[in-house]
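Below: the structure, in structure tokens.
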2 protein chains.
Amino acid sequence: MEDEEKTFLALEAFIPYKLNRAAELVSRQFARIYKDRAGLTRPEWRTLATLGQYGTLTATAIGAHSSMHKTKVSRAVQSLEERKWLKRSIDEQDRRVERLALTREGARNYRELAQLAHAFQLKLRDVMGETDFDALDRGLAAVEARLGKDISM
Amino acid sequence: MEDEEKTFLALEAFIPYKLNRAAELVSRQFARIYKDRAGLTRPEWRTLATLGQYGTLTATAIGAHSSMHKTKVSRAVQSLEERKWLKRSIDEQDRRVERLALTREGARNYRELAQLAHAFQLKLRDVMGETDFDALDRGLAAVEARLGKDISM
DNA sequence: TCATAATCGTTGCATATGTAACAATCCAAT
DNA sequence: ATTGGATTGTTACATATGCAACGATTATGA
């Protein structure tokens, strides 16, 4: 791994590749939970999770908190609304805005999935080992701290 | 972060989310390099990188090494062939198979991008700090070691 | 040998995604 | 008050992706 002109690259040692690969592996595992259990897509899961965490929000705010493009949010909100897991209400102070909140049923499903998410995280920590898990967590936090200030999509 | 029924989830502390977020942030940065510099898509970059690393390969082998679905590989190979960055030749021992290899021009562009990739990684390490970078690297390796044995796509 | 199964790479199709444009609404500055 | 400029959320369109089916070829095994 020294300096010999660097005209060669080992993809499996390249951080962008490793990051994407690990993210895919982990996401795929967790996606099985919310897909099998609730038939949710990832944008739908994220929207549910964000509303569950923050309560009533606008679509724009959901996108900011969950790092999703506004069209993703728009479509996920529409889908969750059709399921009756969330309700919209127009903000009378600013009629461009919709206030979005989970319904009772949406909240119930959120709580169930939140528990499964915690269980997943614990299991992952168990499988990886505490030390490596904490290393990962620390490294990801550093990425966020250094690169996270610009892009929101 | 204790045990109180876990009916609530902080998305920004949830590893699958953090991983995806970090992967997006880093990938977006690096993608700018191969997009601006060479007009490559991510599947094309990965295909180029894999052929540059391993030499002549079949499409299936490229998918295995770069974790890409075979249709992604197929389309990326087609695109790189049109650019004349790689050439196909049918394996006479097994005529189902195509042997893929970079052309001189493909190899030239690979070397250039490989250098930029190394520079990117060094810069990332610099920006993150050595300790956090190494923690990330270690954590990602652990994910790969524990979850990487099943899925290849 | 012959038939069945497996493998390789491509393509049709449906879905997922981002960009750009848009209508509606609000804000700022005259 | 009015006009030009932002902002909010939706949609049309083009592209990207994965799945399933396919033709061609090779391997297996009766």
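Chain naming here is simple, since letters A, B, ... match the order of the sequence lines and numbering starts at 1 in each.
For the pair His69(B) NE2 and dA16(C) P, the computed distance is 15 Å after rounding to whole Å. In this entry the distance linking CD of Gln78(B) with C1' of dC8(C) reads 16 Å, nearest Å. We find that CE of Met68(B) is positioned 16 Å from P of dC8(C), with the value rounded to whole Å. For Lys70(B) and dT7(C), the NZ to C1' distance is 9 Å, given to the nearest whole Å. When the P atom of dG9(D) is taken as reference, atom CG of Leu100(A) falls 7 Å away, rounded to whole Å. In this structure, Leu57(B) places its CG atom 15 Å from C1' of dG9(C), rounding to the nearest Å.
Within the structure, every side-chain polar atom (N or O) of Ser74(B) is placed at least 4.0 Å from both OP1 and OP2 of dG9(C).
Here Thr60(A) pairs with nothing under the side-chain hydrogen bond (donor to acceptor under 3.5 Å, both in side chains) rule; sequence neighbours left out.
A distance-only check finds a donor-acceptor pair linking the side chain of Thr50(B) to the backbone of Arg46(B) [under 3.5 Å]. Side-chain atoms of Glu105(B) never come within 3.5 Å of backbone atoms of Lys84(B) as a donor-acceptor pair (strictly under, hydrogens ignored).
Residue Leu100(B) is tested with Ile62(B), Thr56(B), Thr47(B) for a side chain to side chain contact (heavy atoms under 4.5 Å, CB included); the sole match is Ile62(B).
Among residues at least two apart or in separate chains, ring pair (Phe, Tyr, Trp, His ring centres under 6.0 Å) pairs with a member in residues 105-138 of chain A are Phe30(A)-Phe120(A).
Applying a 4.0 Å cut-off to non-hydrogen atoms, the residues of residues 79-95 of chain B that approach DNA chain C are Arg88(B), listed by residue number.
Taken together through direct or relayed side-chain contacts under 4.5 Å among Ile, Leu, Val, Met, Phe, Trp and Tyr, Tyr54(B) and Leu48(B) form part of one hydrophobic cluster. By the criterion of side-chain heavy atoms lying less than 4.5 angstrom apart, applied directly or through intervening Ile, Leu, Val, Met, Phe, Trp or Tyr residues, Ile90(A) is not grouped with Leu57(A); the two fall into different hydrophobic clusters. Connection of Leu140(A) to Leu122(A) is not established within any shared hydrophobic cluster, with ILVMFWY side chains joined at heavy-atom distances below 4.5 Å, either directly or through further cluster members. Hydrophobic clustering, with ILVMFWY side chains joined whenever heavy atoms are under 4.5 angstrom apart, keeps Val97(B) apart from Leu80(B). Linking ILVMFWY residues whenever their side-chain heavy atoms come closer than 4.5 Å, directly or via other members, places Met128(B) and Ile33(B) in the same cluster.
For the helix from dT1(C)-dA30(D) to dT30(C)-dA1(D), the rotation axes defined at the first and last 5 base pairs enclose an angle of 20°, given to the nearest 10°.
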Just the table, please: protein N/O against nucleotides 12-17 of chain D N/O, every pair under 3.5 Å.
| residue | atom | partner | partner atom | Å |
| --- | --- | --- | --- | --- |
| dA12(D) | N6 | Arg75(A) | NH2 | 3.3 |

Look for any protein N or O under 3.5 Å of an N or O in nucleotides 1-7 of chain D and output each such pair with its distance, or none.
| residue | atom | partner | partner atom | Å |
| --- | --- | --- | --- | --- |
| dT7(D) | O4' | Arg96(A) | NH1 | 3.4 |
| dT7(D) | O2 | Arg96(A) | NH1 | 3.1 |

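Under the 4.0 Å criterion applied to side-chain N and carboxylate O atoms, Glu144(B) and Arg21(A) are assigned as salt-bridge partners. Checked for salt-bridge contact, Arg96(B) and Asp91(B) miss the test: no charged N lies under 4.0 Å from a carboxylate O.
For the residue pair Asn20(B)/Arg42(A), the side-chain donor-acceptor check at 3.5 Å is satisfied.
Among the nucleotides dG9(C), dT11(C), dT19(C), the one closest to the side chain of Val97(B) is dG9(C).
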